[in-house]
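Chain naming here is simple, since letters A, B, ... match the order of the sequence lines and numbering starts at 1 in each. What you are looking at is a predicted structure, and each value in this text was computed from that prediction instead of being measured.
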2 protein chains.
Amino acid sequence: MNQSESDKFLRSHCPVANVLDLFGDKWTLLIVRDLILGKTRYSEFAQSHEGIPTNILADRLKRLEMAGVVVKKAYCDKPIRYEYELTGKGRDLMPMLDAMVAWADKHVPGVKVFPYFQRGNFN
Amino acid sequence: MNQSESDKFLRSHCPVANVLDLFGDKWTLLIVRDLILGKTRYSEFAQSHEGIPTNILADRLKRLEMAGVVVKKAYCDKPIRYEYELTGKGRDLMPMLDAMVAWADKHVPGVKVFPYFQRGNFN
DNA sequence: CTGGTCACTTGTTATTTGCAAGTTACCATC
DNA sequence: GATGGTAACTTGCAAATAACAAGTGACCAG
């Protein structure tokens, strides 16, 4: 999708709205979180505690790939198997996740911040 | 809602998942954005460029109020009219919005960062 | 008493989600 | 070589959610 094409579907030129167009749902950023935590495979994402439905997972991975946030590579030829990893664009989401973790840590009772996300690990 | 009650509905103890349970949709953070930009009334939120449907707006304001992110006050008795404003918990979302703005500014072509959100205005 | 504003609510249709099951392509064991 | 298992998906369908249009109630102004 080039810029003029994608422009046709922009809700607005607001940066917040544009982030929400890609990440504004209950699952997409959980996949990004898993990628940051070192997971790379479909089955690993599917096994995360929140229990993402597999059709949603496949759809979100496709969208993230199209958006250039992740890349899909074959890690095995026979049988063909894939792994996913964050691009630079994807890794640049870390400050956003960091801010989310900080907010939840302060305001949501009962959350457990896993070590990787503890404040200071992002930059 | 007390903690034991809310715990029953937690998808997980992950901070990211908890933020998404409240803000993981296409509209909620746009209302927060508008509040940060100084808007306070239902009609002002409804007039924002993205065109939020009014039933969604009413629903999201209710959820934000229940979550303690905004407070609703009468600014007029006859006829009774309300205005909304962010609580401390709501203002603490600013680093998250800031990170979203920074990401979009860097990675989404065609976004226009309004002055209030320019890097350095948050703290 | 007619028209207009504000803050919603209601009804209906369209879209998205959630869940279960099925598929394809292999490898490993009996 | 039949049975079972894993990985990475896809498909079908019911249920939940969202979008759009219209309606409501309480006022105020001319």
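Residue Arg11(B) has no polar side-chain atom (N or O) positioned under 4.0 Å from OP1 or OP2 of dG18(C). For Trp27(A) and dT17(C), the shortest distance from a side-chain N or O to OP1 or OP2 is not below 4.0 Å. The shortest distance between the side-chain N/O atoms of Lys62(A) and the OP1/OP2 oxygens of dA8(D) is not below 4.0 Å. OP1 or OP2 of dT10(D) has not a single side-chain nitrogen or oxygen of Tyr42(A) nearer than 4.0 Å. Using a 4.0 Å cut-off, no side-chain N or O of Ser43(B) falls inside it from OP1 or OP2 of dC6(C). Side-chain nitrogen and oxygen atoms of Arg60(B) include at least one within less than 4.0 Å of the OP1 or OP2 phosphate oxygen of dA18(D). The side chain of Lys26(A) contributes no N or O atom lying less than 4.0 Å from OP1 or OP2 of dT17(D). At dC9(D), one or more side-chain N or O atoms of Tyr84(A) fall inside 4.0 Å of OP1 or OP2 (strictly under the cut-off).
The residue Thr54(B) sits close to a base: some heavy atom pair falls under 4.0 Å. Across all strands shown, Asn55(A) has heavy atoms under 4.0 Å from base atoms, whether or not it also approaches the sugar-phosphate. Residue contacts shown for Phe45(A) are absent, as no nucleic acid heavy atom lies under 4.0 Å away.
Residues Asp25(B) and Arg60(B) are paired through a salt bridge, judged by an N-O separation under 4.0 Å between the basic side chain and the carboxylate. Using a 4.0 Å cut-off between a side-chain N of Lys or Arg and a carboxylate O of Asp or Glu, Glu50(B) and Arg33(B) qualify as a salt bridge.
Note: CG (Leu57(A)) to P (dC9(D)) measures 8 Å, nearest angstrom. Atom CD1 of Ile31(A) and atom C1' of dC9(D) are 14 Å apart (whole Å). Atom pair Ile52(B):CD1 and dA19(D):C1' shows a separation of 11 Å (rounding to whole Å applied). Distance Ile80(B) CD1 to dC27(D) P: 9 Å, rounded to the nearest Å. Here dA7(D) presents its C1' atom at 13 Å from CD of Glu83(A), a figure rounded to the nearest Å. dC8(C) atom P lies 12 Å from atom CZ of Arg41(B), rounded to whole Å. The CG atom of Leu61(A) sits 10 Å away from the C1' atom of dA8(D) (whole-angstrom rounding). Rounded to an integer number of Å, the gap from Lys39(B) NZ to dA7(C) C1' is 16 Å.
For Tyr82(B), the side-chain atoms get nearest to dA7(C) when compared with the rest of dA7(C), dT10(D), dA19(D). Nearest to the side-chain atoms of Pro79(A) among the listed nucleotides dC27(C), dT9(C), dT17(C) stands dC27(C).
Remark: side-chain polar atoms of Asp59(B) are not paired, donor with acceptor, to backbone N or O of Asn55(B) under 3.5 angstrom. In this structure, the side chain of Asp34(A) does not engage the main chain of Glu44(A) through any donor-acceptor pair within 3.5 Å.
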**OP:** Report the C-alpha distance between Lys39(A) and Ser48(A) in whole Å, list the side-chain angles of each, state the deciding distance to 0.1 Å, and finish with yes or no for side-chain hydrogen bond (donor to acceptor under 3.5 Å, both in side chains).
**Re:** CA-CA 10 Å; Lys39(A) 297 182 182 178; Ser48(A) 279; 2.8 Å; yes

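Both the sub-6.0 Å distance and the 45° axial angle are satisfied by Lys72(B) relative to the ring of Tyr82(B).
Comparing Arg81(A) and Pro53(A) against DNA chain C, the residue whose closest nucleotide sits nearer the 5' end is Pro53(A).
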